[in-house]
Amino acid sequence: MTTTTSTSPWNSRLRELAKQCLFSEALTLYRQMLRFGHPPNAFTFPFALKSCAALSLPLTGSLLHSHVVKTGCEPDPFVQTSLVSMYCKCRSTDDARKVFDENPHSRKLTVCYNALISGHASNSKFRDAVSLFRRMREEGVEVNSVTMLGLIPGCVAPVHLSLGMCLHGSSVKCGFDVDLSVRNCLLTMYVKCGSIDNARKMFNAMPEKGLITWNAMISGYAQNGLATHVLNLYREMEYCGVCPDPVTLVGVLSSCTHLGAHGVGREVERRIESSGFGSNPYLKNALINMYARCGNLVKAHAIFDVMPEKSLVSWTAIIGGYGMHGHGEIALELFEEMIATGIRPDKAMFVTVLSACSHAGLTDEGLECFAAMEKNYRLQPGPEHYSCMVDLLGRAGRLKEAKELIDSMQVKPDGGVWGALLGACKIHKNVELAEIAFEHVIELEPTNSGYYVLMSNIYSDANNLEGVLKVRVMMKERQLKKEPGCSYVECKGRVHVFLAGDRSHCQTEDIYSILEELENLAREPGASNENEGERNKEQVIGVGVHSEKLAIAFGLLNTEPGTEIVVIKNLRVCGDCHLFIKSISKIVDRQFVVRDATRFHHFRNGICSCKDYW
DNA sequence: ATAGGGTTAG
């Protein structure tokens, strides 16, 4: 390789740009270099190729490859490795493999093997990555911790767990696990393989934790729906004096969304502002979601409105927010608006839109969207879309059509699809069809106790005691227990989890006396139907929180979803929680939502005791 | 002078 003196300053400039991640500028500089007659050399290509890789430009990349060949730089190991890496990052592992195989030099290089292994692992070719790793060891090429860092992230599903554990073992044996990155990587592997306990063990065993360690654990809990664990760990992190970054806060916000923890969410928002992360698009989307799901649609929409770049995820978040609170028309309007701005919806968006239609009873609109999905966007509906459609038709009482839709499905219906039909049969009291749906659903999800309970309630509504008994016996035989339903109420930054039959909350006495007071209120004239017998007695069926106020809703225990329920009157209740009754509620999808205010949590049996979670 | 790696939203 000859170094042209005139090329040298160009190379330095190129290196500077690549170092600062100004990749398109780097490529512009490369083009200028050619135009001014400075031939690229072995010190030029790694930076130019890296820029192609970062921008994922496969065509420019192969053009550069031809320049590499033309200038005779191909044998250079640095250039070879850069080529392999570039092709991998541009998703063409085959081309990377070709470069690798055609150059016997690179086959002796650890770095080149590392690039190829990581490239295969990150392009869902884990098996190939593993066989390359084996070959590397057979050929006596030195394995190092970077090799592990490329290979381990290929374990992305529970089927990879045992292999991942082997990799953990060999990392320890070779001493690679002293590297913090390798430990972080292993921790993430356990999370992705669904082994959250092992992830936590790993976390606890780490004497030195970096920000990424905390983030990996927090996101891990968040992805597995363990929202209260996320909030606990976040507090612990703050206690340890570790400063959160946007990745941390995205995980925390997604858990606030799950819990309806509006107050913690607002605290996180203040933190975002004070840390200068205000323009991070991930955080903005997470905030929109959090506010929308917590019922603060005004705030969610305000954030959405001022976003300079609204991505598909942003639109899905705001549309989903309106949809889940029963504002189907607004959801559809926004959907139209999004289409008009030229954003193409994806499958997840259609799930959101279809469920918005079904929550709001927009049956025809839902049917239209479903048809448009395949016709206009060439998106094959999956079982998740069919469950929305079955729900939509079922709620509208069109059970026959719902059943026909299932029979016409190209993909195999899953438990959710039959479960939606079963739910619709409950609403419309169709025992015969319910039995068919039940048979299918328990074949697909034999351990989901919710469906047994639903079927038992259908029999019970039809006064079919034999049926009730039959289902109860089935549950007993299969040793199924109904997981206790819980509700959460957030107050002053703390989340309280409520379980039935448990009086461990430090304010249990106060809470009971307040509930009793509220129950009495519910029986006041105009608010209840005392004469209609025990089944129709109004009880507390929901509670929700917004700002400092607590909303409590009353309804009939046998109220069917879709019926309006009314919160009786404003009552100020003394006590630490500053209880209020607020607003009008509407039952949406078996959840009770206070309009314009809050996420609602239901109390199935009127009074629940309460467990202090924190 | 140059190459390979770990955490993020619906």
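- Within the 4.0 angstrom heavy-atom criterion, no nucleotide atom of any strand lies near Thr44(A).
- No N or O donor and acceptor, one from the side chain of Ser118(A) and one from the base of dG5(B), sit under 3.5 Å apart.
- Closest approach to the Val247(A) side chain among dA9(B), dT8(B), dT2(B) is made by dT8(B) (side chain taken as heavy atoms from C-beta onward).
- Between Leu64(A) atom CG and dA3(B) atom P the separation is 15 Å, expressed in whole Å.
- If you check dG6(B), dA1(B), dG10(B) against the side chain of Leu180(A), the one that comes closest is dG6(B).
- Residue-level contact check: Glu16(A) touches neither bases nor backbone, having no heavy atom under 4.0 Å from any strand.
- Among dG10(B), dT7(B), dG4(B), the nucleotide with an atom closest to any side-chain atom of Ala348(A) is dG10(B).
- Side chain of Val250(A), nearest nucleotide from dG6(B), dA9(B), dA3(B): dA9(B).
- At a threshold of 4.0 angstrom between heavy atoms, the contacts of Leu283(A) with the nucleic acid are absent.
- If you check distances only, the side chain of Asn114(A) never reaches the base of dG5(B) with a donor-acceptor pair under 3.5 Å.
- At a threshold of 4.0 angstrom between heavy atoms, the contacts of Lys89(A) are confined to the sugar-phosphate backbone, with no base atom among them.
- Taking atom CZ on Phe43(A) and atom C1' on dA3(B), their separation rounds to 12 Å, with Å as the unit.
- For residues 201-212 of chain A, the set of pairs meeting the side chain to side chain donor-acceptor pair (under 3.5 Å) definition, not counting sequence neighbours, comprises Arg200(A)-Asn204(A).
- The residue Lys19(A) sits apart from the nucleic acid: no heavy atom pair falls under 4.0 Å.
- Checking side-chain atoms of His120(A) against main-chain N and O of Arg127(A) turns up no donor-acceptor pair under 3.5 Å.
- One interatomic measurement links the two molecules: CG of Asn184(A) to P of dG5(B), which rounds to 16 Å at whole-angstrom precision.
- As rounded to whole Å, 12 Å separates atom P of dT7(B) from atom CG of Leu186(A).
- Remark: Lys192(A) is in phosphate contact with dT7(B), judged by side-chain N or O atoms under 4.0 Å from OP1 or OP2.
- Checked against the 6.0 Å centroid criterion, the rings of Phe370(A) and Tyr386(A) qualify as a close aromatic pair.
- dT8(B) atom P lies 18 Å from atom OH of Tyr234(A), rounded to whole Å.
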Start with the C-alpha gap between Thr44(A) and Trp10(A), add the side-chain angles, then the distance that decides, and say whether side-chain contact (heavy atoms from CB on, under 4.5 Å) holds.
-> CA-CA 8 Å; Thr44(A) 316; Trp10(A) 290 83; over 6 Å; no
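- With dT2(B), dG4(B), dA9(B) as the candidates, the nucleotide lying closest to the side chain of Gln223(A) is dA9(B).
- Distances from the side chain of Asn285(A) to the nucleotides dA9(B), dG4(B), dA1(B) place dA9(B) closest.
- Among the nucleotides dG4(B), dT7(B), dG10(B), the one closest to any side-chain atom of Ser254(A) is dG10(B).
- At a threshold of 4.0 angstrom between heavy atoms, the contacts of Asp179(A) include nucleobase atoms, whether or not backbone atoms are also involved.
- Remark: aromatic rings of Tyr291(A) and His262(A) are close, center separation under 6.0 Å.
- Counting atom types as modelled, Ser82(A) pairs no side-chain N or O with a base atom of dA3(B) as donor and acceptor under 3.5 Å.
- When atom types are taken as modelled, the side chain of Asn280(A) and the backbone of Tyr282(A) share a donor-acceptor pair closer than 3.5 angstrom.
- Of the listed nucleotides (dT8(B), dA1(B), dG10(B)), dT8(B) has the atom at the smallest distance from the side chain of Tyr282(A).
- Look at CE on Met189(A): it is 15 Å from P on dG6(B), rounded to the nearest Å.
- In the interface, the side chain of Asn144(A) is paired with the base of dG4(B) through a donor and an acceptor atom under 3.5 Å apart.
- For the pair His258(A) NE2 and dA9(B) C1', the computed distance is 12 Å after rounding to whole Å.
- Among the heavy atoms of the strands lying under 4.0 Å from Phe47(A) are primed sugar atoms or P, OP1, OP2 only; no base atom is included.
- Here dG10(B) presents its P atom at 19 Å from NZ of Lys347(A), a figure rounded to the nearest Å.
- Between the side chain of Gln80(A) and the backbone N or O of Glu74(A) there is at least one donor-acceptor pair closer than 3.5 Å.
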